[in-house]
There are 2 protein chains.
Amino acid sequence: MATSCRNCPLRKLSLFAPMSDHEVDFMQGFKTGELQVDPGTTLMLEGSNSPQLYTVLDGMGLRYKTMASGDRQVLNIVLPGDFVGLQAGVMKEMQHSVEATTAMTLCVFDRKSLWALFRDQPERAFDLTWIAAVEEHFLGEVLALIGHMSGIERIARAFVRLHDRCMALGLVEGSEMPLPYRQQDLADALGLSLVHTNKTLKHLREMGVVSWRNGRLRFFDYDKLCEIADLDGARAPVTRPLI
Amino acid sequence: MATSCRNCPLRKLSLFAPMSDHEVDFMQGFKTGELQVDPGTTLMLEGSNSPQLYTVLDGMGLRYKTMASGDRQVLNIVLPGDFVGLQAGVMKEMQHSVEATTAMTLCVFDRKSLWALFRDQPERAFDLTWIAAVEEHFLGEVLALIGHMSGIERIARAFVRLHDRCMALGLVEGSEMPLPYRQQDLADALGLSLVHTNKTLKHLREMGVVSWRNGRLRFFDYDKLCEIADLDGARAPVTRPLI
DNA sequence: CGGTGTTTTGAAATGAGTCAACATACGTGG
DNA sequence: CCACGTATGTTGACTCATTTCAAAACACCG
């Protein structure tokens with residue numbers, strides 16, 4: 001049974017900007033359905049133009065680009081609350097692909113009604129731009145990360161950032177959280193080779209900082225991890241709108 | 001004397017999406033003035049919240065992030081037609097800084113009237129989101145670049161992309177174009193050390209491919225450059241809106 | 001039980017960073 | 001007009017993080 005926007009479990013989270021009843025009603029009308037996909041499903045394909053846009057309700061995915069050489073650059077990890085397909089909505093086509101890593105539940109919107117949203121709901125239109133700006137911000141962060149940090153620093157920072165995001169979503173259980181990816185995925189996200197990623201993970205494990213096994217990430221010494229990641233404890237949470 | 005939007009020289013370029021007379025009139029009203037800045041001026045500061053937004057009319061600049069270590073990551077080069085400050089407009093504050101490299105002329109908009117734009121001009125609001133999506137796309141490209149390519153490939157690709165952008169803006173004169181930056185700027189943009197950037201530039205020069213001297217970039221063998229950059233000749237130009 | 005995908009390990013090769021000096025250009029003030 | 005200071009570009013030698021290659025161990029599934 002499909003969730004109604006009114007009882008959307010994500011909306012309750014403080015991570016997301018509050019929305020008036022009237023706005024929620026509009027979103028409800030904007031929503032055309034709900035989609036369940038299996039792990040490995042490609043939601044958006046680079047160069048294509050999806051007729052549908054999504055908001056992730058549940059599950060995890062990946063945004064990535066495929067390069068001429070066949071390599072893959074993972075742009076970021078897709079978590080609940082993320083909006084998928086904005087590029088297809090405003091540009092001619094997607095510039096990256098999006099794939100479901102786990103099973104996912106998605107809110108479906110019709111691309112054609114995006115224009116109605118801009119016309120009738122300036123607040124929501126503003127929020128969409130906001131979302132695009134937040135995406136841009138995250139990409140900028142990763143760029144700085146890959147451009148200037150060593151392997152162990154990159155991995156540590158990726159883990160901390162992931163922890164922050166999952167914490168805000170209530171996905172962290174004690175000192176443990178799900179991370180259902182392959183080492184190859186992390187390597188592709190951080191611009192490292194698989195072998196080096198593996199060895200660095202081993203190093204972090206033996207240092208007693210974090211352990212990533214069987215799709216679960218365990219934090220043994222979070223402070224140390226932050227230190228390696230060159231991040232202090234005070235990180236302002238980024239509030240953002242939910243579409 | 002300030003340029004009127006109606007005769008805006010940029011608008012004529014095919015790079016930018018066409019705009020109706022009515023839309024141009026609105027933009028004219030949105031525009032509050034024109035700003036001239038000297039080289040080295042900081043237009044936006046990371047963490048601050050500018051009351052003004054700009055569209056570059058003339059000159060070149062840099063967007064960059066400053067890292068805890070003191071390093072700098074150049075996100076991209078700012079050219080005429082680029083919109084500056086969108087992040088400050090929709091998020092609480094800028095996540096990167098913007099600096100004028102040469103003298104610049106900027107169209108000034110009032111941040112407060114951004115909301116009016118969303119309310120009264122859904123087409124323009126749509127364009128703003130479009131711009132944000134284009135920015136995101138470019139950052140994704142650079143990310144893939146830095147994550148997976150060697151020094152010489154990165155430099156070659158940066159030059160080709162720059163050539164494409166400047167060509168669309170009519171800034172290329174024959175096989176030569178202005179590039180008023182320091183080697184350090186390029187190094188910071190591509191995640192390379194200054195020394196390695198210097199040596200790679202020398203290498204490209206000695207191969208007879210490109211020469212970058214005295215703020216001017218000269219192409220001797222453009223095909224070869226594209227080959228090194230792993231780009232074929234057929235690159236679709238990205239049309240985008242001008243605000 | 002064999003097949004496929006993932007993780008792990010070791011050894012060798014190298015691209016890129018760091019250090020440290022020198023060269024060049026440009027502007028300012030004496 | 002020259003001397004000096006600062007910013008940028010150039011070069012060589014050395015080091016090391018990371019990549020690449022190759023193989024083995026492990027896990028899961030039909």
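Sequence lines set the chain letters: A, B, ... in the order given, protein chains first and strands last, and positions in each chain run from 1.
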Enquirer: Measure the distance from CD1 on Ile155(A) to C1' on dA17(D) and round it to the nearest whole Å.
Expert: 13 Å

Enquirer: Please determine whether any donor N or O and acceptor N or O are separated by less than 3.5 Å between the side chain of Lys199(B) and the base of dG17(C).
Expert: no

Enquirer: Using distance alone, with no hydrogens and no angle criterion, decide if His137(A) and Gln87(B) have a side-chain donor and acceptor under 3.5 Å apart.
Expert: no

Enquirer: Please compare Asn214(A) and Leu194(A) by the position of their nearest nucleotide in DNA chain D and report the one closer to 5'.
Expert: Leu194(A)

Enquirer: From C-beta outward on Arg182(A), which listed nucleotide comes closest to its side chain: dT7(C), dG17(C), dT8(D)?
Expert: dT7(C)

Enquirer: For Gly191(A), answer base if it contacts any base atom (sugar-phosphate contacts may also be present), sugar-phosphate if it contacts only those atoms, and nothing otherwise; contact means non-hydrogen atoms under 4.0 Å.
Expert: sugar-phosphate

Enquirer: Return the value, rounded to whole Å, for the distance between atom CG of Leu190(B) and atom C1' of dA16(C).
Expert: 14 Å

Enquirer: Do Val78(B) and Met104(B) come close enough that some side-chain heavy atom pair is under 4.5 Å?
Expert: yes

Enquirer: If the threshold is 4.0 Å, N to carboxylate O, is there a salt bridge linking Asp82(A) and Arg240(A)?
Expert: yes

Enquirer: Between Leu186(A) (CG) and dT18(D) (P), how many Å, whole number?
Expert: 14 Å

Enquirer: Rounded to the nearest Å, what distance is computed from the NE2 atom of residue His148(B) to the C1' atom of nucleotide dG15(C)?
Expert: 17 Å

Enquirer: Looking at Asn198(B), does any N or O in its side chain come under 4.0 Å of the phosphate oxygens OP1/OP2 on dG9(D)?
Expert: no

Enquirer: Determine whether Leu86(A) and Glu135(A) make a side-chain contact, defined as any pair of heavy atoms from C-beta on separated by less than 4.5 Å.
Expert: no

Enquirer: Let me know the distance between CG of Asp71(B) and P of dG17(C), rounded to the nearest Å.
Expert: 11 Å

Enquirer: Does dT8(C) have its OP1 or OP2 closer than 4.0 Å to a side-chain nitrogen or oxygen of Arg205(A)?
Expert: yes

Enquirer: Heavy atoms under 4.0 Å, any strand shown: does Arg154(A) hit a base, just sugar-phosphate, or nothing?
Expert: nothing

Enquirer: Determine the contact category for Leu192(A): base if any of its heavy atoms lies under 4.0 Å from a base atom, sugar-phosphate if only primed atoms, P, OP1 or OP2 are that close, otherwise nothing.
Expert: sugar-phosphate

Enquirer: Between dA16(C), dA22(D), dT11(D), spot the one nearest the side chain of Ser150(B), thanks.
Expert: dA16(C)

Enquirer: Calculate the interatomic distance between Leu204(A) atom CG and dT7(C) atom P; express it in whole Å.
Expert: 16 Å

Enquirer: What is the distance, to the nearest angstrom, from the CH2 atom on Trp212(A) to the P atom on dT6(C)?
Expert: 12 Å

Enquirer: Just to confirm, is there a sub-4.0 Å distance from OP1 or OP2 of dT10(D) to any side-chain nitrogen or oxygen of Arg213(B)?
Expert: yes

Enquirer: In this structure, how many angstroms lie between the C1' atom of dA16(C) and the CD1 atom of Ile146(A), rounded?
Expert: 17 Å

Enquirer: Do the side chain of Lys202(B) and the base of dG9(D) come within less than 3.5 angstrom through a donor-acceptor pair of N or O atoms?
Expert: no

Enquirer: I want to verify a distance call: between dT8(D), dG12(D), dT19(D), whose nearest atom is closest to the His196(A) side chain?
Expert: dT19(D)

Enquirer: Looking at Arg72(A) and Glu99(A), does any basic side-chain N land under 4.0 Å from a carboxylate oxygen?
Expert: no

Enquirer: dT7(C), OP1 or OP2 - any side-chain N/O from Gln184(A) closer than 4.0 Å?
Expert: no

Enquirer: At what distance, to the nearest 0.5 angstrom, does CD of Glu46(B) lie from CZ of Arg63(B)?
Expert: 13.0 Å

